[in-house]
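Heads up, the thing below is written out as structure tokens.
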Amino acid sequence: MQMRFRQTVYRPCNWLILVATLILALIPAPGWAGVIKVGMSTALSGPAMALGQGMKLGVEIYFAEINKAGGVHGNSLQLIVLDDGYEPGLAAPNMRHLIDQEQVLAVLGNVGTPTAIVTVPIAKEKKTLLFGAFSGSDVLRHQPPDRYVINFRASYSEELSTMIDGLLGAGIKPEEIAFFTQNDGYGDAGYRGGVQALTHRGYGPLIEQLAHGRYTRNTLNIEDGLSTILEAEIEPKAIIMVGTYKPCAVFIQTARADLPDTLFLNVSFVGSIPLLQELGPLGEGVIVTQVVPNVTSDVDAVRHYHQALKEYQPDAQPGSISLEGYLVAKIFVEGVRLAGENPTREGLVDAMERISNFDLGTGQSVSFSPMEHQASHKVWPTVINHGRYVDLDWSTINRSPKPSSAP
Amino acid sequence: MKRFAFTLHHLLLFWSVVGLLSVLVLGGAGIVAIDRLKQAQGKLLQIALPLETSSLKISLLVNHLIENQNAMNQVRSLKGIDATEKELQQGKAFQDLLETIMPIRRHLGSSFEQSLHELRDSFGIFQHQRKRFITMIRRDLELHERLALNASLIDRAIDEVSKDAEHIRGKVRLATVREKRRIRNVLNAESTEGNNEELRRLSRNHLLGHGAVIWQTVVRISSSVATLGILTRQIMLEESPDVLTSILYNEMTPLIQSTYRTLDDLGIQVRESPTLTETVQRLKRSFTRLDSHLVIGPDSAYALRRARLALDRQRIQVQEKTSRAVAAVTNSLEKFSDFALRTREESALLSEQVAATSQTLVFMFGGSMAIFMVVFGILMTRRIIRPMALLSHTLVDLEKEGNFSVQIDYSRQDEIGQAVGAMNRLLGNLKTAFSDIKNSLDSAAEGTFEPCNTVVLQGDLKIIKSNIDRQINTLGNIYRSQTINNLLLETALEPMSLEQQLDTVLRIIFSTSWFSFKPKGAIFLVDERSGHLVLSAHRGFDDEHLKVCARIRPGQCLCGKALQSKEMLFSSCINDLHEIHLENMQPHGHYVVPIMAREQCYGVINLYVEEHHVKTPEEEALLVVLSNTIIGLIDRRRIETALKHQAEYDKLTGLPNRALFQIRLSQHMAMAARSDREVVVMFLDLDRFKWVNDTMGHEAGDQLLREAAARIQSCIRQYDTLCRLGGDEFTIVLPQLTHVYYVEFVARRILEELAKPFALKQGEANISGSIGIAIYPGDGEDLEKLIKNADTAMYQAKSLGRNTFQFFTMEMQARAASRLSLEKALRQALEQGEFELYYQPKLNLTNTRVTGMEALLRWARPGFGLVPPTEFIPLAEETGLIIPLGAWVIKTACQQNKSWQDQGFAPMRVAVNLSARQFRQTEDLFVTVLDALNVSGLEPEFLELEITESMVMEDMEKAIQIMKELQAMRIHISIDDFGTGYSSLGSLRRFPLKSLKIDRSFIHDLAGNSDDAAITRSIISMARQLNLNVIAEGVETMEQWNFLKENGCNEIQGFFLSRPLPVQEFGQFLETHDNRIPSSDDLLQR
């Protein structure tokens, strides 16, 4: 009995199989490594397409950088992008498709507030992380924060606060401020931010007097809004604009004729580079607040961003939107790394909340917790000067050069 | 019953057979049971279970299909349909299942077949209905998609329209507002021509007035579009086709038409503004698109809706049919399942029965097996376990108590018996072996170190035995070496001389029985001055050997070579190394061991061994030990000597120091006390020494001390001890004084010597001495008193002016003084001729003639009369005056004797007493005697020299020589005072004698004392035997005379015959006595 058993076990054939298995197990065959799928539903077409394209570019170049270095715990990152054209009606089914069919680990970099209004509930329902949405709206920033919604950028309230502080600090009176916002959740969010800022500073009662012009999303019908502003009792010295670049550009071009001395301030969502391109020379003196550092600033993250851009998308122009996408991807990858070799959706959220003092490379360190779901609270005010964005010094705004206006 | 030895082997064999049989039987029964069970199970497996499984599967399948059916109602997309259609494949699965059942339906009967057929049919119907249903669903879904598309298109179109409308509205408003602003500005501004012009221009603005109209038109259009949107929604929801138609024609179409018209109106209104016109065109186009989606064509909202409604109706029908089919399938399925269940139950029952039977069987056989096992167990216990227990107990006890005398009792001759037997034998052997080992070890404890002589088994015990023997041997060797070592070390401690110790060492070596040295060997020590080896101790060397080996040069012979090379040499046979060959030397070998210490060789040990002796490490080790011990002895001696010397001797002069002085003095005092003698102590102080030290320096002082010591040393005898107490104080101890006035003599000599100048390096020094003398026991019976008195005497001497000696006692001093004067007188006496010889006759008893006389010295000191010889003879001896005096005596005696011969008297011998000093100064004696004989002309035979016994015994050999010489000169020698000296009778025969004079003490009490008589008799007898002339002295009575005569004494001398007479009177005596025996009267008269 014993002899036979030994023969069975110790036959050379069996040894060969055993050895082969061991070797195969040890070879890190790429095909065998895992793929982590990440989703994005964004505006790849339509008036906000620059925003969607920009975020997509930023995330993709960072993922390429990481995958080249071996991925995260041997897993490579794959970005699946669907176009919703900045329409909530398309954003919702995209979201469901990404989560249910594509089985993505998380969704990141979605563009827009109206789209966020439908995608946030889906993320919550499906218990999937929605990270780094390109929107500063408070629908993404509930208090206490939703578990499955984590943001990168400063909120619109924070952007608006910066603007209001700057304006008031520069000598502009609160009643001289007007609003031009998109007629939807995005515009509402921005306006609410402004209201909050003014209320904080004790100008609550004033707010009703302030002119508030609106325009319909995905149209260039800015005339109605402009009319509203022009009908204001006190001619505004500064117009805070919460819109996308094309309508905002048309607005500024049209409004310059009527209000040659007025300052135009935009939130970051407007898309600074496309705005600049649309405005052309008429852009001088236009202020845009940013939620990422200037693309020309000399910090590690920005340097790496430029390198990655050169390597993976040499034809693309650097911009703050793709920089934001890059930074969002960077924080996201850190979370994936902390989540271990086989990250789950829940595990990823937990890992993200464990991120503490993560050096972003911009001089900021990122820490999340169950109570803190926003990476950055910093706003960089910039101004178009000689066809380029430079950091804004508020004390100079009254003296900034104005272009000649053409009726 | 015959009992043959049941070995365990048999037993186990038996039970194995029994066991095997049981197993076989049980196995057989088991097989039968299993076989039957198998059959039952077979039926179960082959029929019932497949049946049940199949029916279950079919049920599942059908249920699945029904679920699927329901699911299909939920399906919303065509993709879902495709997936579910795949389920139709299940039909094949159903067929397969039925196929599996086919084989077994033969076993199951016709009712089964029937239900099977039923099932198949109803399933077929079900499938058919399903297909139709699926088709329905598909069509429904298609329609649904088209509707969705339509809806989205409509939405988009509406959206576009809204946006365009908004645009127009916005533009209009803006323009209006701008106008208003400009007007306000102008109004607010000053009224200028320009401004007025401006105002006029503005009022002509078409747009201003028309703005409101345009606005409203646009608003109308927007509202129409919104309404259309609502209507579209209604269409989508409407169920009734008739109502649909109504909506279409009554509401939708007119509205669309009116909107077209409104659009035209708008176009007209904005014709002035090109941008607005363009926008309106776009608006129109958007609206047209909207219209197309609403009513026209098969893809319009309306058409689609109608189609949808139709489809719904159809679907309901199909659904009903399908439900019915489902019910039928379910029913037949139930029947089928029942059947399967029943079959299974039957089979199960059968299996149970078989199992029960098997169980009984198993129990039966199991029981019998158990009984067998019990019996087996009992037998095992008896045959194996009990004896094993016994064995184990015994062994455990053995382990605990270690009593090897135990033997196990077991009689059976089976395997256990064999083991027990072997164990018993082993125990016996062990016991023996251990006791032998114990004995051997005990011998070791006692010191005899005997090996254990057990004749023992193989293996470990043998090894142990040889180990123990080896160890005992080694221990024995070590012990013996240690013993020798100890003995050797003990010798070091004994207060013997070095040579004696070396001798002892040799003795110890040769006393060891276990070293095979021959009892022959020597120890040489190196003489420090010459570097040669000197034989210091030996054993077994004959005289010749001693002579040859007394001194050995380095390099000479084995010993010399060892000295040179400083290494142990071993030579197993005579060879070249051995230079010195003696006759009769047997073949031998040598160990020659140099005695080394600190790289220096102090000597050599030479031991003899047998010729072919093989050197052993034990011997070499011993020799090393010897060498070390001897070194120890030598060293010790040297150190002792040095220390002793240091402790007892003065460094500067080499004289004994104070300590030794006291020791010596005490010793002499003790000896003197025992032999009732006296000891003299002199304390000597050097006067003016301090002055020399101070003026000439310490070096001069030291030299002076050494010189003084030497001078003093020369004045004293070898028995006397000169000591230096310290500084310039010396002491001299003079024991064994024969005459006290020797002391004065010595003292005077010392003073004389010290008074002579000292020639020192630093110049000449003159000192003197002061001596104090004390005599034991008169001047002190203990050491301190004696010393103190001597010291006091010295100070007295000093105070008397130095350069003098002083006795402690005045009496002594007085006596010294008188002795001094006597000495002076004695010196003069010889010159002054104050001496006179008296003669005492000796009578020959045989012929009663005077055959001789003894010459006795008398001194007539002027003013003192006759001084007895006892007073001046000792002094003469001490001072040496006895020599010239003695010479005078001999000369005078010879002359006188010659004179009497010349006068015609018969020749007589004249006897002269020799003093010890005379006897010692041999050459002077011979000269004196010869001279006397020559001068007198006397024949030597007539001179007799009387020597006392004690004189002879002082140096017997020398005395004999002297006597021989004198006898050769034909002078008569006689022993005086015989019996009082220390000569032995044996030595008596060696003396060349003529006569023997019996001491007067024996004669004195002849009559009374029988001992004296006996002695006298024996002396006479002996002397006569030796052919010696016997003379008795001190004869004073007739009885003595008679006794002596009777006993054969030759001559007599004494008062009975005559007192010593001066020359003249002696002459007269001779005359009257010639040939006459004196009568008693005559004698009384004298």
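Each chain gets a letter, A, B and so on, in the order the sequences are listed, and its residues count up from 1.
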Inter-residue atom distance B/Glu166.CD - A/Thr216.OG1, 0.5 Å rounding: 2.5 Å
Give, for atom CG of A/Leu220 and atom NZ of B/Lys163, the distance between the pair rounded to the nearest 0.5 Å. 9.5 Å
Assess whether atom CD of B/Glu278 is packed by more than 12 heavy atoms of other residues, nucleotides or ligands within 6.0 Å. no
In Å, rounded to the nearest 0.5 Å, how long is the span from CG of B/Leu174 to CG of A/Asp258? 6.0 Å
For the NE2 atom of B/His167 and the CG atom of A/Asp224, what is their distance to the nearest 0.5 Å? 12.0 Å
Given side chain to side chain contact (heavy atoms under 4.5 Å, CB included), test A/Leu230 with B/Arg181 step by step and report yes or no. CA-CA 8 Å; A/Leu230 288 174; B/Arg181 273 168 65 95; 3.5 Å; yes
Nearest heavy-atom pair of B/Gly170 and A/Ser227: which atoms, and what distance? O-OG, 4.2 Å
Please determine whether the number of non-hydrogen atoms from other residues, nucleotides or ligands lying under 6.0 Å from atom NZ of A/Lys246 exceeds 12. no
Tell me if the CD atom of A/Gln101 is crowded by more than 12 foreign heavy atoms within 6.0 Å. yes
Between A/Glu223 and B/Arg178, does at least one N-O distance fall below 4.0 Å, as a salt bridge requires? no
Answer with side chain, backbone, both or neither: which region of A/Glu235 has an atom nearer than 4.5 Å to a non-hydrogen atom of chain B? side chain
